[in-house]
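Below is one structure; the comments refer to it alone.
For clarity, every value in this text was computed on a predicted model and none was experimentally measured. The figures here come from the full heavy-atom set of this structure, side chains too, leaving out hydrogens, waters and symmetry mates. Throughout, protein chains are lettered first and strands after them, A, B, ... in sequence-line order, and every chain is numbered starting at 1.
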Amino acid sequence: MSDRYEPKQIEPRWQQLWARERTWEVSNEDDGREASYVLEMLPYPSGEPHIGHLKVYSVGDAIAHFRRRNGHKVLHPLGYDAFGLPAENHAIRTGQHPRESTESSIAEFQRQFRSWGISIDWSREFGTHEPSYYRWTQWLFLRLFEAGLAYRKEAAVNWCPKDATVLANEQVIDGRCERCGTVVEKRDLEQWFFSILQYADRLLEDLETIDWPAHVKTMQRNWIGRSEGARVSFNCVALDTDYEVFTTRPDTLWGATFFVMAPEHPDVTRLSDSPEVDEYVRRALTESAEERGAEDKEKTGVALGATVTNPVNGEAIPMYVADYVLMEYGTGAIMAVPAHDERDHEFAVKHGLEIRRVVDGGELPYAGDGPLVDSGPFTGRPNREALAEIIEWLGAEGRGEPAVNYRLRDWLLSRQRYWGCPIPVVHCPTDGIVAVPDDQLPVELPDVEDYAPKGRSPLAAAEEWVNTTCPTCGGPARRETDTMDTFVDSSWYFLRYTDARNDQAPWDRAAADMWMPVDQYIGGVEHAILHLMYARFFVKALADLDLVGVQEPFARLFTQGMVTRDGAKMSKSKGNVVSPRDLVDSHGADTARCYILYVGHPAEGGDWSDEGIEGIHRFLSRLWRAADGMEQGPIEPAGDPSALVRKAHWAIDKVTRDLGERFATHTSIAAVIEVVNDLYRDRDAVDPSHARFAVATAASLIFPFAPHLGSEIYEQLTGERVWEQPWPEADPALLASETFELIVQVNGKLIDRVDAPAGVESDEQERLARASERLEARLDGREIMKTVVVPGRLVNFVVK
RNA sequence: GCGGAUGUGGCGGAAUCGGUAGACGCGCCGGCUUUAGGUGCCGGUGGCCGCAAGGCCGUGGGGGUUCGAGUCCCUCCAUCCGCACCA
């Protein structure tokens, strides 16, 4: 053994041992231990791992190790989210098959993940692009299809002209494609959808049952966007048609002074053939979502020259077409109440329309509550109370009913792209859409010459593959050429890990029941909506099909903060990227892992500092040198416990609570540093057996963060494998010290500190405080009005 | 605009239940070791006044509750994140 800490010699040895002995593999057999499922979000293998990957696995691995040593049987698997656009775009540029580039990235990820020493059950590893995986993605799609939860319909969908594919609502950020930033267009296309909207209420209610960060729950609630109100019919005499609107404020019906339709509303052109309307609609439709949604956009619109009848007072109110009304929400038409809605107010002012107050209160537009005015039979009633009665009254008249609306839309899952899971259906001229029978799965992705999207899936060019026979009638039929959104792949992967090698079923029910739900899920907050909402929907749908026994996939969620450098996000363009590979090369995996967990609480962002990592490296070196020369033998401290032994017990208690209860990895590591510092300071005075105990304890406590060094030192001192040892327990008797520093205050200000015996009586504690010389000087003869004694802590004298 | 979070030394951060503000690390200063640099080890390090003893100030600003506030309440400011014409 050299006299220097050499991670390059220590780390590979342990990694090889763990691989050879398959240390982190777990079986699905019940062995009496509590089953615990710790999972980091599935990585997308592109290029090589970045610092965010190092962080998520450093956090997750610490939790997995901590649980194992606390008696849990831990499932901690890993795989790859291998389908997707970057690999395909790379293929378009270079002609290299996406499978090749993806698999070489996966190989690099595997190599680096192993070099980090994370405790993964590699026997359950897979990529979502492997036919043995996507066979079951297709199988699950068919179960949802049979249940009516996957369907095809024509709709105005988001189209990214650059990526030449449709996008889900969730993938459009500020009117732009999430991936490439191109302004998206609306196109009417027939597409596949999942009925996530049907699950909106359950997705909302069950948030109560899971332990997730509040802000993530809030984001999901806002995204679902549930609004309660009423659907109300307005009759249009000219066309003899009833138009329904959705409103959350039926109490303001008496204040409705006009009626507005979205430009996309099919009846707009029937209601008016004026060139002005025609021109307005045409312009609105060519505008991008971004332009139309611009913050300070004026409220434009054109009168349709027709009227509708307000059902509550029989009044004829004018109809308009205006682009501030959206076709996708509600019914594509609204009743406008300018006195009590900001947008309607703005429109009314601009177009000189009547503004009629019906709720008493502040300045118009007034969206608050108050007594109703000018509201027929409801005049004088508090608006909130009247609201329900108005809905009831509308119901009796046949003019309305209670209604709930959601912001959430059904999940558009088809993509006109190559590198994804084929949708397993065929189109038959006789039988229509026909599911591919289960025994013909997987429908394998064929090889093609040209990956470039041309407004239809590149798969359409694989004629031999496309032309097939109908499973129902045996006649000629064509395969579906769209592929699935990659979020489908990642909506069930955590179930596959429970039984990853099963070729008879996606998973064995008993295996899934044993492990699910994931006890601790760890990942970036950027998936707060997309992945986390889709996976929740999938599990609920699968529960309804009796394929799983849980309603929620992830019982607890931990969202890690982003690692920055110089306060900025790391990016190649800024040139401030820290590569995990270089770090492991220069300092070793243990140092890299510890540093990332030490800069701050892992839920917060942390700013990378090249000097900071040296500090952690120094600490691990000091720990290593403290052990250097120590022989194998017992680690129980001999004789009376010294301050150092007490300190070690204090650290055990601190790390157990910080790591176990609040994921506070930074203060956990700081506690171990303190033990090592104390040992160095006192090393000449300390009993050798106490020093051994301190070093062994430090090794045991640092193991979840620095597994190689922890194992190395622990083995050197004890001959044992630290991961097979139970998590250490602090001796409560050694946590309580015999004396404490009694704080003496005057009016809450610190005056003096005096030594006092632990467990001292209140009277005695006060007497000790009064004896302080500095107190006397400070009181300067003033009278003590009141004395506050906090046992075991302080005495506060209130004067004057 | 709505919703959420955050604000503490030169820097990252700690203070977990209203009770010693600044743990731990970086940086900086000093000492020892060393031919020297580096490494290592020891000590110091919130600001101001003071030779010292000691004193005063101090957790984004202002106000409040309390014997006592970084922590609770009100208000303002700043930064970050999410949503954004959702009727």
Side-chain angles (χ1 to χ4, degrees), chain A residues 4 173-174 213-223 225-227 229 245-249 252 260 262 292-297 299 322-326 328-337 340-344 346-347 405-408 525-526 528-529 561-562 564 567 595 598-601 604-616 618-619 621-622 625 654 657-658 661-662 664 666-674 677 680-681 683 740-753 774 777 784-790 792-799:
Chain A
R4 268 186 57 199
I173 311 293
D174 294 335
H215 67 281
V216 176
K217 290 189 182 183
T218 304
M219 279 163 74
Q220 291 219 344
R221 269 188 211 107
N222 293 342
W223 190 262
R226 185 181 199 274
S227 311
V245 302
F246 172 74
T247 176
T248 54
R249 296 293 305 277
T252 62
V260 191
R292 187 164 160 182
E295 198 173 338
D296 45 6
K297 187 166 192 286
K299 294 274 173 294
D323 66 3
Y324 80 92
V325 174
L326 308 175
E328 315 86 89
Y329 187 81
T331 61
I334 62 155
M335 68 172 203
V337 184
H340 304 293
D341 181 280
E342 208 176 303
R343 298 151 298 175
D344 297 344
E346 198 186 320
F347 189 87
N405 239 292
Y406 302 89
R407 211 189 85 106
L408 184 71
V525 73
E526 63 273 19
I529 294 171
M562 196 173 38
T564 56
Y595 178 63
Y598 180 69
V599 269
H601 192 285
E604 309 286 319
D607 203 57
W608 185 269
S609 137
D610 289 335
E611 292 81 41
I613 195 169
E614 299 299 338
I616 280 293
R618 213 166 322 190
F619 153 63
S621 304
R622 277 157 72 85
R625 279 197 308 270
K654 172 93 177 144
R657 286 183 297 113
D658 281 1
E661 291 164 23
R662 48 186 205 119
H666 59 328
T667 49
S668 297
I669 295 169
V672 185
I673 294 176
E674 286 196 49
N677 287 350
Y680 265 75
R681 206 167 296 129
R683 68 191 140 178
F740 72 97
E741 205 171 56
L742 172 62
I743 301 306
V744 183
Q745 293 181 335
V746 170
N747 291 344
K749 261 173 101 90
L750 176 79
I751 297 304
D752 201 1
R753 307 158 205 255
R774 297 174 61 146
I784 295 170
M785 316 284 291
K786 187 179 171 186
T787 307
V788 181
V789 178
V790 182
R793 224 177 248 284
L794 58 81
V795 178
N796 185 18
F797 297 102
V798 185
V799 302

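Here the shortest heavy-atom pairing between A/V795 and A/T787 reads CG1-CG2, 3.7 Å. In terms of heavy-atom proximity, A/S227 sits nearest to A/Y329 at OG-OH, 3.4 Å. Residues A/I529 and A/Q220 approach most closely at O-NE2, 4.1 Å, considering heavy atoms. The two residues A/R662 and A/H601 make their nearest non-hydrogen contact at O-NE2, 2.8 Å. In plain terms, the two heavy atoms of A/V337 and A/D344 that are nearest each other are N-OD2, 2.9 Å. For the pair A/V325 and A/V260, the tightest heavy-atom approach, listed with the atom from each and the gap, is CG2-CG1, 3.6 Å.
With both ends at atom P, the span from B/rA15 to B/rC28 equals 27 Å, rounded to whole Å. Using P as the reference atom, B/rU35 and B/rG47 are 36 Å apart when rounded to the nearest Å. Taking the P atoms as reference points, B/rU16 lies 30 Å from B/rC77, given to the whole Å. Spacing between B/rG40 and B/rA23 at atom C1', rounded to whole Å, works out to 24 Å. B/rG70 and B/rU65 have their P atoms separated by 16 Å, with the value rounded to a whole Å. Comparing the P positions of B/rG63 and B/rU39 gives an interatomic distance of 49 Å, to the nearest angstrom. Between B/rG58 and B/rU71, the distance separating the two P atoms is 13 Å to the nearest Å. One P atom belongs to B/rC49, the other to B/rG31, and the distance between them is 24 Å to the nearest Å.
Syn is the conformation of B/rC17, whose glycosidic angle sits no further than 90° from 0. Taking syn as a glycosidic angle within 90° of 0, B/rG4 does not qualify and is anti.
Summary of the strand contacts: A/M219 and A/A333 both lie near RNA chain B, and taking for each the nucleotide with the nearest heavy atom, the more 5' one is attributed to A/M219. Both A/K786 and A/N405 lie close to RNA chain B; mapped to their nearest nucleotides by heavy-atom distance, the more 5′-ward contact belongs to A/K786.
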Q) So what is the 5' to 3' dot-bracket string for RNA chain B, if pairs are Watson-Crick or G-U wobble with both distances under 3.5 Å, crossing pairs use [ ] and | means the partner sits on another strand? A) (((((((..(((......[....)))((((((.......))))))((((....))))..(((((..]....))))))))))))....
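For A/R221, no side-chain nitrogen or oxygen approaches OP1 or OP2 of B/rG3 to under 4.0 Å. Residue A/R683 places none of its side-chain N or O atoms closer than 4.0 Å to OP1 or OP2 of B/rG40.
A/R793 comes within 4.0 angstrom of the backbone, heavy atoms only, and of no base. As judged by a 4.0 angstrom heavy-atom cut-off over every strand, A/V245 is placed among residues making no nucleic acid contact. Nucleic acid contact for A/R226: none, since no nucleic acid atom lies under 4.0 Å from a heavy atom of the residue. Residue-level contact check: A/S227 touches the backbone only, with heavy atoms under 4.0 Å from sugar-phosphate atoms and none from bases. As judged by a 4.0 angstrom heavy-atom cut-off over every strand, A/V599 is placed among residues touching the sugar-phosphate backbone only.
Under 3.5 Å, the side chain of A/N796 and the base of B/rC67 form at least one donor-acceptor pair of N or O atoms.
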Q: Treat primed atoms plus P, OP1 and OP2 as sugar-phosphate and everything else as base, then score nucleotides 44-59 of chain B 5' to 3': B for base contact with protein heavy atoms under 4.0 Å, S for sugar-phosphate contact only, - for none.
A: ----------SSSS--
Q) Just by protein heavy atoms under 4.0 Å, how would nucleotides 21-27 of chain B read 5' to 3' in B, S and -? A) --BBSS-
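For the pair A/Y598/A/I673, a side-chain contact is recorded, criterion being any heavy-atom separation below 4.5 Å from C-beta on. Considering only heavy atoms from C-beta on, A/I334 stays 4.5 Å or farther from A/D341 through its side chain. Between A/Q745 and A/V788, every side-chain heavy-atom pair lies at or beyond the 4.5 Å cut-off.
Ring geometry, A/Y324 versus A/F347: the interplanar angle falls from 30° to 60°, so the pair is classed tilted.
A/N747 contributes a side-chain N or O that, together with a main-chain N or O of A/V799, makes up a donor-acceptor pair within less than 3.5 Å.
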Q) What's the verdict on side chain to side chain contact (heavy atoms under 4.5 Å, CB included) for A/M335 and A/T247, showing C-alpha distance, side-chain angles and the deciding distance? A) CA-CA 8 Å; A/M335 68 172 203; A/T247 176; 3.6 Å; yes
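Taking atom CD of A/E328 as the reference point, atom C1' of B/rC85 lies 11 Å away to the nearest angstrom. Between the CD atom of A/E604 and the C1' atom of B/rU8 there is a distance of 14 Å, given to the nearest Å. The distance between atom CG of A/D344 and atom P of B/rA87, rounded to the nearest whole Å, is 12 Å. Between A/H601 atom NE2 and B/rG12 atom C1' there is a gap of 15 Å when expressed in whole angstrom units. A/H215 has its NE2 atom 13 Å from the P atom of B/rG4, to the nearest Å. The interatomic distance linking A/W608 (CH2) with B/rG12 (C1') rounds to 13 Å, in whole Å. Whole-Å rounding puts the A/L326 CG to B/rA84 P distance at 11 Å. Separating the OH atom of A/Y680 from the P atom of B/rC41 is a distance of 6 Å, rounded to the nearest angstrom.
Counting non-hydrogen atoms of neighbouring residues, nucleotides and ligands closer than 6.0 angstrom, the CD atom of A/E328 exceeds 12 such neighbours.
Side-chain atoms of A/R622 and A/N677 form a donor-acceptor pair, as typed in the model, at a separation below 3.5 Å.
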